[in-house]
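Structure record follows, encoded as structure tokens.
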Number of protein chains: 2
Amino acid sequence: MIGLSKRTDYGLLALVYLAAAPVGRVVRTRDIAEQHDLPVELLAKILQRLAKSGMIASTPGPTGGYHLARSTDDISIGQVVAAIEGAPALIHCERTDHNRCNQLDKCTIRKPLTRIQARVYDLLNLITLSEITGPEPPDELVFQSQIVRSNTIKPATARDRSVRGEEAIRA
Amino acid sequence: MIGLSKRTDYGLLALVYLAAAPVGRVVRTRDIAEQHDLPVELLAKILQRLAKSGMIASTPGPTGGYHLARSTDDISIGQVVAAIEGAPALIHCERTDHNRCNQLDKCTIRKPLTRIQARVYDLLNLITLSEITGPEPPDELVFQSQIVRSNTIKPATARDRSVRGEEAIRA
DNA sequence: TGTATCTCCGATACATCTTGTCGGATATAG
DNA sequence: CTATATCCGACAAGATGTATCGGAGATACA
């Protein structure tokens, strides 16, 4: 499959929600789960992975929660996919044991596909979360959260876009 | 997952094999399967789909087999994926029933992800099979096949490439 | 004309991965 | 001390992909 997993969808929904939250506030996992009707425990793990990769920060304790650790300009879709799905893929031989493919010499597609894979990754790494959130925040959500103490907000950077084409697969 | 399925891998292997075959010859499914040690029946179905989508042509009968129906410049990776995997994906809501997502109004990621999906498709549609086969054919394979009668070879076209990036997901 | 050998096609068991759930540990505000 | 949040590993359920089987249609060749 070339598509994203449900987990990544959930993660992106959560990131958009966090991006829409007022600066200085933390959001509980349960709030996001209830907003989009997602299983709380599953979303919790996803947020843990996002926190581990450094794009969101966590605050433990009763008044705790999550908040964005970077600007939406500084979080790429590729990073989100990598954090949640563990990332590398495209060619099948490379996923499990490399040596299991007992005919590496006969495999005529491995090396070229690795190059193509790199191009797909490059594309996803150029697209940032701000392209999903948009310039203006939705601002239609209610937050019953608290003030955050550890301010680890980093400065924003810029991104550009490229790539266009003439024919589509189906869409 | 962002990766290709095993079926697509098999399909690409078969296409490369067919591309390496001398013009005017047909190749049996079994030959390709034995060359790469793939299950014959599964590969047969994959080749049927590729034939149905028009990128390879079939010849029935004892001396039958498959041959490329277009130039390797005229077969894109996106088309191969679409032919084998049925294509559309990326965002999860769009895969099964559209109306099942009973909170379309709250879904903040559907529309932006559709745009991103189109970009990925564009990229895959710009990459042709000739980038996998290379300019010169491998020419290290033995063909025990026969002459083809129905010559449905179409003229070749040209393709260009674009897209580059600075940071990668992991590779 | 029969037979062998291809492509074709639907249905179905098997494997693997994803999704979802459970139980318990750690940290902190009140 | 207690309630409530993040954490973390392990496992059951479900979905998806992979592989297999049985049989039908087409054609070269004896």
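Just so we're on the same page: letters track the sequence lines, and every chain starts at 1. Owing to the predicted nature of the structure, the values given are computational and were not obtained by experimental measurement.
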ask   = For A:R30, which contact category applies under a 4.0 Å heavy-atom criterion: base, sugar-phosphate, or nothing?
value = sugar-phosphate
query = Taking only side-chain nitrogens and oxygens of A:R28, does any of them come within less than 4.0 Å of OP1 or OP2 of D:dT4?
reply = no
note = Which of D:dG17, C:dT21, C:dT18 is nearest the side chain of A:E41? It is C:dT21
key: Candidate pair A:I84 and A:L50, rule side chain to side chain contact (heavy atoms under 4.5 Å, CB included), full reasoning   = CA-CA 7 Å; A:I84 295 178; A:L50 293 179; 3.9 Å; yes
request  = Give the C-alpha distance, both sets of side-chain angles, the deciding distance and a yes or no for side chain to side chain contact (heavy atoms under 4.5 Å, CB included) between B:L47 and B:L43.
outcome  = CA-CA 6 Å; B:L47 292 177; B:L43 181 64; 4.2 Å; yes
message = Rounded to whole Å, please give me the gap between CG in B:L13 and C1' in D:dT18.
response = 16 Å
message = Please tell me if B:Y10 has a side-chain N or O lying less than 4.0 Å from either OP1 or OP2 of D:dT18.
response = no
request  = Looking only at side-chain atoms of B:P62, point me to the closest of C:dT5, D:dA5, D:dA19.
outcome  = C:dT5
message = Between A:V40 and B:A51, which residue's closest nucleotide on DNA chain C lies nearer the 5′ terminus?
response = B:A51
request  = Return the value, rounded to whole Å, for the distance between atom CG of A:L47 and atom C1' of C:dG20.
outcome  = 15 Å
request  = Find out whether A:L124 and A:V80 are in side-chain contact, i.e. whether some heavy atom of one side chain is under 4.5 Å from a heavy atom of the other.
outcome  = no
message = By nearest atom, which of the nucleotides C:dG20, C:dC8, D:dT6 is closest to the A:K6 side chain?
response = C:dG20
query = Among the nucleotides C:dT19, D:dA28, D:dC7, which one has an atom lying closest to any side-chain atom of B:T63?
reply = D:dA28
remark   = By side-chain contact (heavy atoms from CB on, under 4.5 Å), A:L13 pairs with (sequence neighbours left out) A:H36, B:T108, B:I109
Which protein N or O atoms sit under 3.5 Å from an N or O of nucleotides 9-11 of chain D?
from   : atom 1 : to    : atom 2 : distance (Å)
D:dG9  : O6     : A:K45 : NZ     : 3.4
D:dA10 : N6     : A:K45 : NZ     : 2.3

request  = List for me each residue that meets side-chain hydrogen bond (donor to acceptor under 3.5 Å, both in side chains) alongside A:T8, sequence neighbours excluded, and say none if there are none.
outcome  = A:S5, A:E85
ask   = Any side-chain heavy atom of B:I116 sitting closer than 4.5 Å to one from A:L123?
value = no
query = What's the CG-P distance between B:L4 and D:dT18, to the nearest Å?
reply = 11 Å
request  = Mind calculating the distance between CG (B:L43) and C1' (D:dC21) to the nearest angstrom?
outcome  = 17 Å
request  = Starting from C1' on D:dT4, measure out to CG on A:D31 and report it in whole angstrom.
outcome  = 13 Å
query = For B:D9 and D:dG17, what is the distance between atoms CG and P respectively, to the nearest whole Å?
reply = 14 Å
task = Could you please spell out the steps behind the side chain to side chain contact (heavy atoms under 4.5 Å, CB included) verdict for B:V81 and B:Y121?
result = CA-CA 10 Å; B:V81 173; B:Y121 286 172; over 6 Å; no
message = Just the rounded figure in Å: distance from P of C:dA25 to CD of A:Q48.
response = 16 Å
Which nucleotide in D:dA3, D:dT6, C:dC8 has an atom nearest any side-chain atom of B:Y66 = C:dC8
A:Q117 side, atom CD; B:L4 side, atom CG - distance, nearest 0.5 Å = 9.0 Å
key: OP1 or OP2 of C:dT7 under 4.0 Å from side-chain N/O of B:T59   = no
request  = For A:L42 and D:dT6, give me the distance from atom CG to atom P, rounded to whole Å.
outcome  = 14 Å
task = Choose from D:dA26, D:dC7, D:dT18 the nucleotide whose nearest atom is closest to any side-chain atom of B:R7.
result = D:dT18
